[in-house]
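Worksheet for the structure shown next.
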Amino acid sequence: MAGDQEAVRRVEELRALVRHHEYRYYVLDSPEISDSEYDRLFRELQTLEAAHPELLTPDSPTQRIGGAPLAGFHQVRHLEPMLSLANAKNEDELRAWHARTMKLAQEAGAELGDLQFVLEPKIDGLAISLRYEAGKLSVGATRGNGEVGEDVTQNLRTIGTVPLAFLPGADPVPPVVEVRGEVYLPLEAFSRLNEQRIAARESTFANPRNAAAGSLRQLDPKVTASRPLSTWFYGVGNVEGEFFERHSEVLDWLKKSGFRVNPEVRLARTLPEIEKGCRWWEEHRDRLDYDIDGVVVKLDSRELQAALGAVGRDPRWAVAYKFAPSTAQTRLIHIGINVGRTGVLNPYAILEPVEVGGVTVGQATLHNEADIQRKDLREGDMVILQRAGDVIPQVVAPLTDLRTGAEKVFRMPEDCPSCGTAVVRAPGEVAVRCPNPDCPARRVEAVKHFVSKAAMDIDGVGDKLVERLFQLGMVKDSADVYLLSAEDLAGLERLGDKSAANIIGAIEASKSRPFARVLFALGMPHVGSENAELLMRRFGSMDRLRDASAEDIGQTPGIGPIIAESVFDYVHDPRNLSLIARLAAAGVTMAAVEGAAASAAGPLAGKTLVLTGTLPGLSRQAATGLIERAGGKVTGAVTAKTDYVVLGAEPGSKLDRARELGTELLDEDGLRRVAEA
Ligand code: IVH
């Protein structure tokens with residue numbers, strides 16, 4: 001029937017379209033159409049298939065979710081065993097593996113100069129094997145004992161990155177092929193899943209790998225479908241008809257056939273290149289949104305792989321260079337409280353020291369009370385610690401299964417732990433504050449901020465020294481720092497005459513820091529270095545800022561009414577006015593260097609600079625201000641006349657041009673150095 005023929009044609013067309021868009025979305029992470037357009041195609045396919053059930057096939061994209069819960073998993077024998085990997089726990093072991101591999105390759109008749117290796121991130125997930133027959137997924141299994149695994153096909157189908165069929169670009173399409181890869185749970189999804197489980201009073205997962213394994217081994221595929229699992233594919237098992245000469249060709253073929261292949265894969269020829277690659281990942285693993293526990297180094301030639309064979313389950317042609325685990329378990333002994341300079345009470349975790357990601361950790365921040373409640377962290381809990389995406393370790397979740405009942409639920413104190421004043425909770429804010437401006441903890445923190453590198457940059461006066469000076473009653477606020485003498489300091493423990501003199505020199509030098517720095521150093525609520533820069537540009541001096549109304553301050557580009565109000569309040573509070581007056585009397589800058597006269601003598605007088613990319617600590621506007629105040633000029637294009645190109649993250653084509661012309665490049669620190677020289 002013509003109608004049926006039309007249906008067959010349209011079903012095929014829709015499947016190809018849906019597959020293509022799934023591939024763009026899941027594998028390339030680069031969709032071409034909106035979610036609703038995709039949904040429309042998907043629903044049209046579902047409707048057509050419902051009207052023509054005879055056309056339904058298991059590789060149709062509509063068949064991802066479905067199937068009734070199983071009573072248990074069947075066993076599947078892998079056509080080719082799933083091997084394991086020998087570990088190299090350090091660089092010596094990596095070198096030994098390389099030397100042995102070179103020797104074996106030579107004995108197998110290889111030309112050593114031609115050897116090539118492939119470096120792949122070692123995904124800390126769960127190995128899977130997908131069998132495709134004529135390009136269609138037939139069975140998906142876990143590794144099991146390497147020979148026989150569990151049939152989890154129903155569950156694997158629910159993962160968007162598992163192709164149900166090869167893409168049209170697949171060439172060749174072997175009659176039977178086993179594709180090997182790793183199922184994992186992204187770190188963000190892992191934290192979220194644990195939080196949901198806590199809210200539902202379910203036990204937490206200890207790490208992303210356990211969470212991925214638990215999610216895949218579900219008898220009800222709907223549960224698996226609800227977990228945002230993903231995959232990376234890194235090889236093949238049995239291939240009917242041997243098509244590939246190199247492992248790198250396998251990876252290219254996988255990519256073309258629609259499989260997600262890790263874009264971080266690199267080729268290496270020499271041992272130094274291999275070592276460099278391994279070291280690089282050890283240092284940069286935090287950049288990834290999933291956990292890796294090492295780098296896999298593989299010999300590229302499949303002929304040599306076959307010649308080298310395996311010892312037991314470990315192939316001789318590959319090795320796993322292992323990292324220290326980036327998650328760990330330890331005891332949360334106590335939740336302590338820090339009072340910040342604005343009075344905010346910040347809870348932090350005191351932990352039984354444990355190694356995570358190669359460093360020993362004994363403390364971690366806990367953000368705020370709401371976060372502790374959401375994670376249900378209790379004093380005495382065993383907790384999961386994670387170092388990823390950020391160098392600061394995070395407490396991810398408690399291991400609720402290990403609770404004894406002796407754990408203590410945390411409550412934010414009602415009184416400031418430093419001065420005993422009743423804390424306040426502003427409506428709508430998560431933070432709890434100590435409102436007492438004389439709170440000793442607040443005062444110490446204010447001085448620590450004042451002397452810090454980003455503020456007045458008083459070299460030699462660190463947190464410890466500030467605390468000591470407070471204890472001794474030698475400093476009570478920032479202005480007192482300018483009353484210190486070399487004799488005062490030289491008497492302190494571990495500070496000799498020389499260091500004392502250096503510190504006095506640094507205190508002296510700080511008096512001439514630019515006015516924007518002084519504004520920032522005062523620590524007004526909401527005034528970070530950028531807002532300080534904006535206020536400086538608008539008002540130019542402390543006197544003018546004090547004379548301005550709140551409305552006037554709010555007219556400053558980039559400063560909203562709330563910040564304006566808070567700045568206004570700050571500069572009209574008698575205590576702050578007295579502090580400012582004492583700082584001014586000590587000789588601290590209270591006005592911007594004004595006009596062309598000063599700029600013409602500035603360190604960047606007559607220089608032309610170009611900005612490209614995002615600087616970590618300065619907005620474009622603030623950087624421009626800094627340059628102009630130092631007498632320099634900012635232009636848009638790099639030419640032979642450009643003196644410096646200031647380089648931030650993700651620089652554009654200006655960097656290429658600067659390289660061509662050999663223009664001097666500066667980072668943010670470099671810019672500050674030349675502008676403040
Ligand atoms: S290749 C013969 N490549 O590591 C080689 N494995 O410790 C067998 N894994 O069971 C595996 N990332 O689950 C290979 N890029 C990668 C990998 C990888 C993670 C896992 C895999 C394997 C285990 C061996």
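First listed ligand is number 1; within each ligand, the first listed atom is number 1. Residue indices begin at 1 and follow the sequence shown. These numbers were taken from a predicted model, which means no experiment stands behind them.
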query: Should we count CD of Glu303 as having more than 12 external heavy atoms under 6.0 Å?
result: no
- prompt: Is it true that the side chains of Arg313 and Ser84 contain a donor and an acceptor less than 3.5 Å apart?
  reply: no
message: List ligand 1 atoms under 4.0 Å from Val296, heavy atoms only on the residue side.
response: 3 (N), 15 (N), 16 (C), 17 (C)
message: Counting non-hydrogen protein atoms only, what is the nearest one to atom 15 (N) of ligand 1? Give residue, atom name and distance.
response: Glu120 OE1, 2.8 Å
task: Hey, could you give me the CZ/CG distance between Arg131 and Asp151, rounded to the nearest 0.5 Å?
output: 9.0 Å
task: Considering heavy atoms of the protein only, find what lies nearest to atom 13 (O) of ligand 1 and give residue, atom and distance to 0.1 Å.
output: Glu182 OE1, 2.6 Å
- line: The closest protein heavy-atom partner of atom 14 (C) of ligand 1 is Tyr234 CE1, 3.4 Å
message: With a cutoff of 4.0 Å, is Gly125 in contact with ligand 1, counting heavy atoms of the residue only?
response: no
field: Short side-chain to backbone donor-acceptor contact, Arg100 and Arg316, under 3.5 Å
entry: no
- request: Among all protein heavy atoms, pick out the one at the shortest distance from atom 5 (C) of ligand 1; state its residue, atom name and that distance to 0.1 Å.
  value: Leu85 CD2, 3.7 Å
- request: State if Pro315 counts as touching ligand 1 under the rule of any non-hydrogen atom under 4.0 Å.
  value: yes
query: How far is atom 8 (C) of ligand 1 from its nearest protein heavy atom, and which residue and atom is that?
result: Leu83 O, 3.8 Å
task: With heavy atoms only and a cut-off of under 4.0 Å, state how Ala320 meets ligand 1: side chain, backbone, both or neither.
output: neither
- request: May I ask you to decide if Pro186's main-chain N or O and Asp289's side chain share a donor-acceptor pair within less than 3.5 Å?
  value: no
- prompt: Nearest protein heavy atom to atom 3 (N) of ligand 1, by residue and atom, and its distance?
  reply: Lys298 NZ, 3.0 Å
- line: When rounded to the nearest 0.5 Å, the distance separating CG of Leu187 from CD of Gln386 is 5.0 Å
query: What residue and atom, counting heavy atoms only, is the protein's closest point to atom 23 (C) of ligand 1, and at what distance?
result: Lys122 NZ, 3.9 Å
message: With rounding to the nearest 0.5 angstrom, report the CG to CG distance, Leu216 to Leu185.
response: 11.5 Å
query: Taking the minimum heavy-atom distance to atom 10 (O) of ligand 1, which of Pro121, Ala86, Gly146, Ala127 ranks first?
result: Ala127
Rounded distance (nearest 0.5 Å) linking atom OG1 of Thr270 with atom CG of Leu115: 11.5 Å
query: Taking the six-membered ring for Trp, is the centroid-to-centroid distance between Tyr234 and His247 below 6.0 Å?
result: no
message: Check for me whether Trp317 has a heavy atom closer than 4.0 Å to any atom of ligand 1.
response: yes
task: Could you tell me the residue and atom name of the protein heavy atom closest to atom 12 (N) of ligand 1, and the distance to it rounded to 0.1 Å?
output: Ile123 N, 3.1 Å
